[in-house]
Number of protein chains: 2
Amino acid sequence: MASQPKYQRRKEDRPREIADAAFEAFAEKGYAATRIDDVAKRAGISKGLTYLYYKTKEDLFKAVVKNVVVRRVDALLADVESTELSSEAFIRGPMLDFMKRVPGSPIAIVIRLLISEGRRHPDLIDYYYDNVVARGLAAISRFLERGVERGEFRPEARDLQPQLFLAPMMLSMIWRLVFTDKPLDTDRLMENQIDLLLTRIKA
Amino acid sequence: MASQPKYQRRKEDRPREIADAAFEAFAEKGYAATRIDDVAKRAGISKGLTYLYYKTKEDLFKAVVKNVVVRRVDALLADVESTELSSEAFIRGPMLDFMKRVPGSPIAIVIRLLISEGRRHPDLIDYYYDNVVARGLAAISRFLERGVERGEFRPEARDLQPQLFLAPMMLSMIWRLVFTDKPLDTDRLMENQIDLLLTRIKA
DNA sequence: CTCTTTACTGACCCATGAGTCATTAATTAT
DNA sequence: ATAATTAATGACTCATGGGTCAGTAAAGAG
């Protein structure tokens, strides 16, 4: 009867596994209510091991945010910028789809964490702003610019605040985070906003 | 040398004083990081007294949310509904002013608390929804209806989701809560949105 | 097969903070 | 005045959970 080993040493994979487990836990309970012991259990390891890879709970928190963010934003932006559609078709198609997806995605959960815990981690806020918000806003601005150059948008499109595109997405996110069971057709909300904006800027 | 009393008994005022102190503390540190002892100090009383009026920290939390909300919303809605302006003038005037004020007001702080802690207090969420969100949305709907009846708005105005008015306010709130120091002309954001909506619905 | 290294465990420590309660003293009743 | 009532205190308890570390065993070297 060959006794199987009590554990395997997997130096390479542990950090990501722990961060994933922590993300799950934070998503469910929030930062403060999450116990390191619980994270460890989810990752299938002992509590002590967590501290080998992350010196404090705060370190772990930061790793989680950066992980989730980095893994997604790059892919998304690249994907979004590589289309050959007309400006209007692009907005009503891929961009709208993207906006509809975000409120139900892990990004929404990261945002909740930032809203609740962000003030105690200013460097995290900066990181998130630089790597997500600023890049997203810049992408929208570039897109509007391109539309004007192509003659698809009126020059006034350049003066539109990119946040006008994101506002209903934001409201949808918060709505779903807070009022999970209250009805709201968030898809229609975003469609309507896109419609408002397009009729304003279309050439 | 008449020794002054060590304290005064003020059964009537304590609950509100404690709730106010707790609101301050929650606003600064968030729910989890706030110590009952700190609340007591702010209120100028002993920790034990807090427990005479609020059985648990959670009770106190609920009282805070209800307090802040109730004290403001009634006044605001009444004020907002008692104007004799034309629909457009009303939107561009009092309503826009109101929207500009909210992101910097205590309401924003309550919303942060609800986003962070709400899931553990479903009855609070319901309370807030019924007393703030639903009433606000209903007010906007009534207002649109009135505009149509008066011939100031096109009938399609009835189909507008009221949330379209609130979306940029929401984004502004979150922006200010999270990215305190990053620039964003939130006032212009709301003006632009109102403008978009008005050109769509004006008769 | 033995030795060294180190990933990993789990029992432990201890600061913290929610909640309690015996005691004190301000107020009210008589 | 004196007694009865109860608002208010503050020292206490006790569970909790972040963080530590001595010891264990898996992997790799020679």
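Computed over heavy atoms, backbone and side chain alike; hydrogens, waters and symmetry mates excluded. Note that the coordinates shown come from a computational prediction; the quantities given were computed from them, not determined experimentally. So you know, we letter chains A, B, ... as the sequences are listed, proteins then strands, and number each from 1.
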In whole angstrom, what separates B:Y54's OH from D:dA8's P? 13 Å

Between which nucleotides of DNA chain C, 5' to 3', does chain A make heavy-atom contacts below 4.0 Å? C:dT6 to C:dG10

Is there a side-chain contact between B:L177 and A:R119 (heavy atoms, below 4.5 Å)? no

Any B:F90 side-chain heavy atom under 4.5 Å of B:F143 side chain: yes

Reading nucleotides 22-28 of chain D 5' to 3', which nucleotides get B (base under 4.0 Å from a protein heavy atom), which S (sugar-phosphate only), which -? --BBBS-

Does anything in residues 18-50 of chain A come within less than 4.0 Å of DNA chain C? Heavy atoms only, and list the residues if so. A:I45, A:S46, A:G48, A:L49

Ion pair check, A:K41 and A:D37, cut-off under 4.0 Å: yes

Please examine the side chains of B:F26 and B:I109, heavy atoms only from C-beta on, and report whether any two atoms are closer than 4.5 Å. no

Measure the distance from OH on B:Y51 to C1' on D:dG10 and round it to the nearest whole Å. 14 Å

Provide, to the nearest angstrom, the distance between the CZ atom belonging to B:R14 and the P atom belonging to D:dT6. 17 Å

Got a salt bridge between A:E191 and A:K100, using NZ or NE/NH1/NH2 to carboxylate O under 4.0 Å? yes

Do B:V132 and B:Y127 make a side-chain contact, defined as non-hydrogen atoms from C-beta onward lying under 4.5 Å apart? no

Under 4.0 Å, counting only non-hydrogen atoms across every strand here, what does A:Y53 touch: a base, just sugar-phosphate, or nothing? sugar-phosphate

Got A:L184 and A:L171 here, is their nearest side-chain heavy-atom distance under 4.5 Å? yes

Are any of the side-chain nitrogens in A:E17 or A:R10 under 4.0 Å away from the carboxylate oxygens of its partner? yes

How about A:Y31 and A:E58: do any of their side-chain heavy atoms sit closer than 4.5 Å? yes

Examine distances only and state if a side-chain atom of B:K202 and a backbone atom of B:E88 form a donor-acceptor pair shorter than 3.5 Å. no

